[in-house]
*Asks:* 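One structure coming up, written as structure tokens, with questions to follow.
For the numbers below, each heavy atom of this structure counts, side chains included, while hydrogens, waters and symmetry mates do not. When a ligand or atom number is given, it counts from 1 through the structure's own listing order.
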Amino acid sequence: MNQTEQKKILCLCGGVGGAKLALGFSQLLNPDNLTIVVNTGDDFEHLGFTICPDIDTVIYTLSGRSNKTLGWGLEGETWQFMEELKKRGGEDWFLLGDKDLETHKKRLLLLTDGNDLTAITAQLASDSGIEQRILPMSNDPVRTIIRSSDPLFGDLAFQHYFVREKCEPPVSGFYFHGAEQATANPAFVQALEDPALSAIVICPSNPFVSIDPILSLPGIREKLQQTKVPVIAVSPIIGGQAVKGPTAKMMDELKIPKTSAAIAEHYQGLIDTLILDNTDSDQQQSVTALGIEALVTQTLMKSDADKQALAKFVLDSL
Ligand code: GDP
């Protein structure tokens, strides 16, 4: 085993952006040395199912089954269920593919049998041949609510904002319903306190709706502030834009500059290092001025080689 494989990493992760870097780590590290804590603020109850979009994205990505064309869901998906649902006047704003339904059915059965989300996620991951540990941030329901400045929308459940309204309502803030009463996943806390841990990596996920729900859990911010290991974030903003999704649009609406320096400011007090894309190397100084180390490399992950290269860059920085 080489030195890289022996490093032990804890990732904080949303869906698509986070899963890309998690995949890079999974290809370099001994499976026992990678724990991925996933946002569940996007979860919701729909058509009788409990849907966990970020967990499913991470599972589909790590098992090599993600749909590269759509950028979400499963490869080779078919839509007969949706066609039938639509024909019969059902709620069709959230697309559930025929193959994807198998995941939701299995989660529902395991929930009905009294299993918690950690056990269910472990089962779904191992059924997909994944050896790394994928943990929901909490077993308790936490639901991200989008506050819109448009009175027509008011407060919106996350998937209503993200999928039904296609991220169009202007955002004025966020609220993580249930977070105060929730308990952070004990396995997550154990991983944070693991004496063998090498680093905590905040993946290039949406800071407001993918990472902040994790940070909103009681005690988690404090644990990140107190940890002895480096906390490294990868900026999800490249050249003033998000690679995908509403991160940059949200920053605009929140009157935050769409820069990696602003991402550093968002995580100030929690992170030691921010990794910025080559495109944003001119922001190194602004990041350093915040007392945060700024490292520059290619952070755009198009190919699997890009994902591995970024993961290797993070590991080599330790
Ligand atoms: P979601 O829950 O599916 O929206 O997923 P995430 O929150 O994990 O990912 C969305 C964020 O990932 C966006 O802010 C994107 O800019 C960022 N992102 C996606 N792909 C990449 C990439 O290749 N490199 C970087 N640096 N950021 C990325």
*Asks:* Heavy atoms under 4.0 Å from ligand 1: which residues qualify?
*Replies:*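 Heavy-atom contacts below 4.0 Å: Gly14, Gly15, Val16, Gly17, Gly18, Lys20, Asp42, Asp54, Pro204, Ser205, Asn206, Ser210, Ser235, Pro236, Ile238, Ala242, Val243, Lys244, Thr247, Thr299, Leu300, Met301.
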*Asks:* Please tabulate, one pair per line, all N/O donor-acceptor pairs under 3.5 Å involving side-chain atoms of residues 170-180, not counting sequence neighbours.
*Replies:*
unit_1	atom_1	unit_2	atom_2	d
Ser172	OG	Arg147	O	3.2

*Asks:* One pair to check against side chain to side chain donor-acceptor pair (under 3.5 Å): Trp79 and Glu77. What are the steps and the verdict?
*Replies:* CA-CA 7 Å; Trp79 305 99; Glu77 190 57 279; over 6 Å; no
*Asks:* Would you check if the distance from the ring center of His266 to the ring center of Phe208 is below 6.0 Å?
*Replies:*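 Centroid distance His266-Phe208: below 6.0 Å, so yes.
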*Asks:* If only side-chain N and O atoms count, and only distance matters, is there a donor-acceptor pair under 3.5 Å linking Ser148 with Asp150?
*Replies:*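 Absent: no donor and acceptor within the cut-off.
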*Asks:* For the CD atom on Gln268, are there more than 12 heavy atoms of other groups (residues, nucleotides or ligands in this structure) within a distance under 6.0 Å?
*Replies:*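 Atom CD in Gln268 is packed in, count exceeds 12.
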*Asks:* Is there a path of hydrophobic side-chain contacts, each under 4.5 Å between heavy atoms of I/L/V/M/F/W/Y residues, joining Ile130 to Val58?
*Replies:*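 Yes, one cluster joins them.
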